[in-house]
Structures are given as C-alpha cells and as structure tokens.
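First the structure, in the form of structure tokens, and then the observations on it.
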Amino acid sequence: MSIYAIVQEKGGSGKSPTAMHLGYALSYLGEDTLIVDFDPQATASQHGQGFDYAQTEPTVYNSLVALKPIEPFKLQEHLYLLPAHSELEKAEIELPKPGAFYQVQLQKMLKLYSQFKHIVIDTPGSRISIFTTLALTAANVVIIPTKCEISHYHATIDTLSLIEDVREGLNPNLSVWGILPTQYEGTAHHREILEMLKQLRDPNGNLYPIYDEPSRKTTKYNDATSMRLDVRSLDETGKLGLYWDRVAASILAGKIVLDVV
C-alpha cells in the first residue's frame, strides 16, 4: 500500500484537484485507489458525490474515531472515496486527549483499508489543523501543490518546515516527492515565483524537487468538480489527462529529476 498526502498550509493551492485527478490517473492503471477526504470543507467529497455530500453517513470521521472500516463510495472502476463533511471538525476536539498518542490515529485507520494499492489523502489548507499532521504521519509520500504567488511561496516554506518536523519525529520514513506548481499562467510574477520555488532547500542544503511542468490554470477544474467528472473528460485535446498521467508516473517512480544541481 502506498499512501500519498497532498499538503499545503494555504487554501486555494489546488490540493483537492490534485488529489482527485491523481486518484483518477492511478485508477486508470487498473489498481484500486482510495481518495480520503481529510478536510472538513470536503471539496473532494463535493467533487465525488455532488451537493448532497453533507447528508452522507457514515463518513471518514466515524471510521477515524471508532477505528472501524466503512464502505467507501465508488466513483468509477478502481476508484473509491472516503467522504467527509463538517462533522470531521469534531475529531479535532475528540482525538487530542491527555495521554493519547492521537497522531497515529489515521495511520491505524488506513490499515483497515489494506485492499487498496494506492491511498491519496486530501488535507485542509490551514496551519492550525491536526489533520495535516495526521496525514503526514500516516503517509509514505508527500506532494506539495502551490500557486506561483508570493503568499503561496511563503506558505510553502511553512509547509516544508512542518514536513521536516514530522520527518524528524513522527514519521522519519516520509518521502518528499516535491512541489507541484498549480494554476500557472506564465505571467512575470508567476515566472519569478517559480524560480524562487526552485531555490528552496531542505535542512541538509539539498534542493527540494519541483515538478518541471506546472499545472496550467483553466476553468475546466471547477467544471469537473461541479459536474462530478474527471477533468480529462472535459478536454477535447486530451492534454489534461496526459498531464495527470505524467504526474502519476513521476510519483510512482518516487522522484522528480531536478534540472538544477
């Protein structure tokens, strides 16, 4: 089982589209894939279930707190969803009890879904949520989507700091696949921030990997969410589907080849 955490502390960075379309791409390989909506805002659940998502019971909250499996929602062949809604917020109060090592709760829960080859975790865009730490503790690999804007650049630095904290303690085996630039428009500002992202280094002085093909901004991602579709089905050129296939292939390979040494 491979577990991928999609993490960025600033909202609007493209985490949910990344989680969903990576999930779609992995499912086309014929391997059962589970998307875990670990964000109380539940964008992934809206994408998968439509506007009735808030009436879903049980949800990932019930599985997380009780450590019992629930039936995942089938999106298509080989692709499933553990849905969420605002009820998940209660876990932030219920899990952190005195003496409880709650940081491994998600790790324990995901063992209940060992039938899946790939698990993709969508997380909140918040610096104060426990769900991001739980996801990083449970994951094998972390993927950091970010817009090429100055506020997202600074949020990426904070996100990488959190990741390194988790690697030093809760999950030393966590691998950083890298930074995935999203909603890219090719403006002077976007190009400048992209170059700044390429200079970010880990505590050992090594450059963080950054995927060399930014995800371009398009309204088709919003359309895909509202229509409950894979974005590739809305793109007559086929380029968007091929893009996510390439991202998935790079993630499965376990590395990004850096163009700067």
Do Lys15 and Asp39 meet the salt-bridge criterion of a basic N to acidic O distance under 4.0 Å? no
Can Thr132 and Glu9 be counted as having a side-chain donor-acceptor contact under 3.5 angstrom? no
Tyr221 vs His21, ring-ring contact (aromatic ring centres under 6.0 Å, His included): CA-CA, chis, key distance, verdict: CA-CA 9 Å; Tyr221 289 108; His21 297 296; 5.4 Å; yes
Going by the side chain to side chain contact (heavy atoms under 4.5 Å, CB included) test, name the single residue among Tyr4, Tyr208, Tyr211 that passes it with Trp177. Tyr211
Is a side-chain donor or acceptor of Arg167 paired with a backbone partner of Pro172 at a separation under 3.5 angstrom? no
Quick one: do Leu79 and Met1 end up in the same hydrophobic cluster if we chain Ile, Leu, Val, Met, Phe, Trp and Tyr together by side-chain heavy atoms under 4.5 Å apart? no
Pair Tyr243, Arg216 - check side chain to side chain contact (heavy atoms under 4.5 Å, CB included), show working. CA-CA 10 Å; Tyr243 175 81; Arg216 297 277 174 171; over 6 Å; no
Search all heavy atoms of Glu149 against all heavy atoms of Ile193 and return the closest pair with its distance. N-CG2, 3.7 Å
Got Thr137 and Val104 here, is their nearest side-chain heavy-atom distance under 4.5 Å? yes
Start with the C-alpha distance between Leu64 and Leu95, add both sets of side-chain angles, then the distance that settles side chain to side chain contact (heavy atoms under 4.5 Å, CB included), and finish with yes or no. CA-CA 9 Å; Leu64 179 70; Leu95 291 182; 3.8 Å; yes
For Ala84 and Tyr53, the nearest pair of non-hydrogen atoms, with its separation, is O-CD1, 3.6 Å
Short question: side chain of Arg201, backbone of Asn206 - any donor-acceptor pair under 3.5 Å? no
Distance-minimising heavy-atom pair for Pro58 and Ile70: CG-CG2, 3.7 Å
Check step by step if side chain to side chain contact (heavy atoms under 4.5 Å, CB included) holds for Trp244 and Ser215. CA-CA 9 Å; Trp244 288 106; Ser215 174; 4.3 Å; yes
Report the residue from Glu57, Gln46, Gln49 that forms a side-chain hydrogen bond (donor to acceptor under 3.5 Å, both in side chains) with His85. Glu57
Any donor-acceptor pair under 3.5 Å from Asn62 side chain to Thr59 backbone: yes
Which pair of heavy atoms, one from Leu112 and one from Pro69, lies closest together, and at what distance? CD1-N, 3.6 Å
Between CG on residue Leu160 and CG on residue Asp202, distance to nearest 0.5 Å: 9.5 Å
Could you tell me the separation between the CD atom of Glu89 and the CD1 atom of Ile130, rounded to the nearest 0.5 Å? 11.5 Å
Asp223 backbone acceptor or donor facing Ser226 side chain under 3.5 Å: yes
From Arg232 CZ over to Lys220 NZ, what is the distance, rounded to the nearest 0.5 angstrom? 14.5 Å
Heavy-atom pair of closest approach, residues Ala19 and Ile35: O-CD1, 3.9 Å
Just verifying a value: how many Å separate Asp122 CG and Leu22 CG, rounded to the nearest 0.5 Å? 11.0 Å
Which pair of heavy atoms, one from Ile6 and one from Pro145, lies closest together, and at what distance? CG2-CG, 3.5 Å
Quick one: do Val7 and Tyr153 end up in the same hydrophobic cluster if we chain Ile, Leu, Val, Met, Phe, Trp and Tyr together by side-chain heavy atoms under 4.5 Å apart? yes
Is the side chain of Thr18 donor-acceptor paired with the backbone N or O of Gly14 at a distance under 3.5 Å, no angle test? yes
Show the numbers, then the answer: is there a side chain to side chain contact (heavy atoms under 4.5 Å, CB included) between Ile121 and Ile3? CA-CA 8 Å; Ile121 310 171; Ile3 303 172; 3.6 Å; yes
Any donor-acceptor pair under 3.5 Å linking the side-chain atoms of Ser45 with those of Asp37? yes
Consider side-chain hydrogen bond (donor to acceptor under 3.5 Å, both in side chains). Of Asp230, Thr33, Asp245, which one does Tyr28 pass it with? Asp230
Got a salt bridge between Lys74 and Glu77, using NZ or NE/NH1/NH2 to carboxylate O under 4.0 Å? yes
Between the side chain of Ser233 and the main-chain N/O of Leu229, is any donor-acceptor distance below 3.5 Å? no
State whether a side-chain donor-acceptor pair under 3.5 Å links Thr156 with Gln8. yes
Could you check whether the rings of Tyr80 and Phe116 sit parallel, tilted or perpendicular, using 30° and 60° as the cut-offs? perpendicular
Should Glu94 and Tyr61 be marked as a side-chain hydrogen bond (donor to acceptor under 3.5 Å, both in side chains) after you check the CA-CA gap, both sets of side-chain angles, and the distance that decides it? CA-CA 11 Å; Glu94 296 174 5; Tyr61 161 78; 2.8 Å; yes
Can you measure from CG (Asp235) to OG1 (Thr218) and round to the nearest 0.5 angstrom? 7.5 Å
Does Gln105 have more than 12 heavy atoms from other residues, nucleotides or ligands lying within 6.0 Å of its CD? yes
4.5 Å side-chain heavy-atom contact, Glu92 and Ser129: yes
Backbone of Gly48 reached by a side-chain donor or acceptor of Arg228 within 3.5 Å: yes
Step by step, would you call His118 with His78 a ring-ring contact (aromatic ring centres under 6.0 Å, His included)? CA-CA 10 Å; His118 305 287; His78 299 298; over 10 Å; no
